Amino acid sequence: MKNIYNPLATARNNDVIIKDITCFNLKDTLDCGQAFRWKPLDDRTWIGTAFQRNLVIGYEDNSVVLYNTTLEDYKNIWEDYFDIKRDYSQIIEAISVNKILKDATEVAGGLRILRQDPWEALCSFIISQNNNILRIKGIVERLCENFGAPVGDSYSFPDAATIAALSVQDLAPLRSGFRARYIIDAATKVSGGEIDFNLCRTAPIDDARNELMKICGVGIKVADCALLFGFDRIEAFPKDVWIKRAMAQLFDGELPQEAVPYAGIVQQYIFHYARTTKLQID
DNA sequence: GCCCAGGGAATCG
DNA sequence: CGATTCCATGGG
């Protein structure tokens, strides 16, 4: 009989330990451009803030350790955030019938799709447009420091209502350029109830995308990123310049059929593959 | 100085 | 419709 994927989390003093987890790598997951608030402390430990909590996470032997947290926070926040319950090995096995996809998974096989706060994901990817990851991180950091609430020695990601009360000029310290008015528009429409987050979670993907595209500054790609990283929609397949190049070159523009049910996850494997291997540029 | 960065809106034809 | 151009900012 086949092993059933069932990683076990237990408390140890002030830590939570996850045993028997497969396909989980912190660098692959936290440094891949899906989230912008995680920093390496050393080569096996990362620190970040999400859902009003700070977390240090690392490895011990073959286990993943969440430091200075509780089993309650793990169950309420981090288990979903790190997508622990999803069996990635089964997905990798399913798509590996395609040789190219198999190669792609081997570049970043420990990558997991983080289930981030919807507003944070949406706002972060509005900031991401025509921008580079280093600078996105800087703008997001200044956004939190200026307008978030203190969380230990860090700051929460400011909620939409907080940002909606500000003006474009108020966002000047972020140095976010032309994106400032997009951030304000998003915050205003989200906090005003004009954007139905529940619809984004449950409606057919095209309807969900159109809902987010009511916001000025949200096009197809930003909407798909928000859906994938913030609304638990793994069928979303954001097409940035790297993906377009890779798709044309590797698959003649068409995603292999076996990858379609996991499109968003496969997108991340391909994104990594395209950026770390020498695909022909143009 | 020049280039471009996980795009999108505005403005063309 | 599709194609171009502009948008702010800053690191390489």
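Here is the naming used below: chain letters follow the sequence lines, and residue numbers restart at 1 for every chain. Small disclaimer: the values here were computed from a predicted structure and weren't measured. Below, each value reflects all heavy atoms present in this structure, side chains not excepted, and no hydrogens, waters or symmetry copies.
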Exercise for review: On DNA chain C, check which nucleotide each of N132(A) and Q129(A) is closest to and give me the residue with the more 5' one.
Suggested key: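 On the 5' side of the pair lies Q129(A).
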
Check your understanding: Under 5.5 Å between ring centres and under 30° between planes: does that hold for F125(A) against the base of dG6(B)?
Key ->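 Aromatic stack with dG6(B) absent for F125(A).
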
Practice item. State yes or no: are the ring centers of Y262(A) and Y269(A) separated by less than 6.0 Å? Key: no

With the side chain of [X] defined as its heavy atoms from C-beta on, choose the nearest nucleotide among [options].
X       : options                 : answer
R135(A) : dG6(B), dG7(B), dT9(C)  : dT9(C)
N130(A) : dA9(B), dA5(B), dG6(B)  : dA5(B)
K221(A) : dA9(B), dA8(C), dG6(B)  : dG6(B)
L134(A) : dG11(C), dT9(C), dC7(C) : dG11(C)
R175(A) : dG10(C), dG6(B), dA8(C) : dG10(C)
R181(A) : dG10(C), dA9(B), dG6(B) : dA9(B)

Exercise for review: Considering only atom P, compute the distance from dG10(C) to dG8(B) and round it to an integer number of Å.
Suggested key: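 Approximately 22 Å lies between the P atom of dG10(C) and that of dG8(B).
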
Exercise for review: Report whether V16(A) and V65(A) are members of the same hydrophobic cluster (ILVMFWY, side-chain heavy atoms less than 4.5 Å apart, transitive linking).
Suggested key: no

Review point. Does R179(A) put a side-chain nitrogen or oxygen below 4.0 Å from OP1 or OP2 of dA8(C)?
Key: no

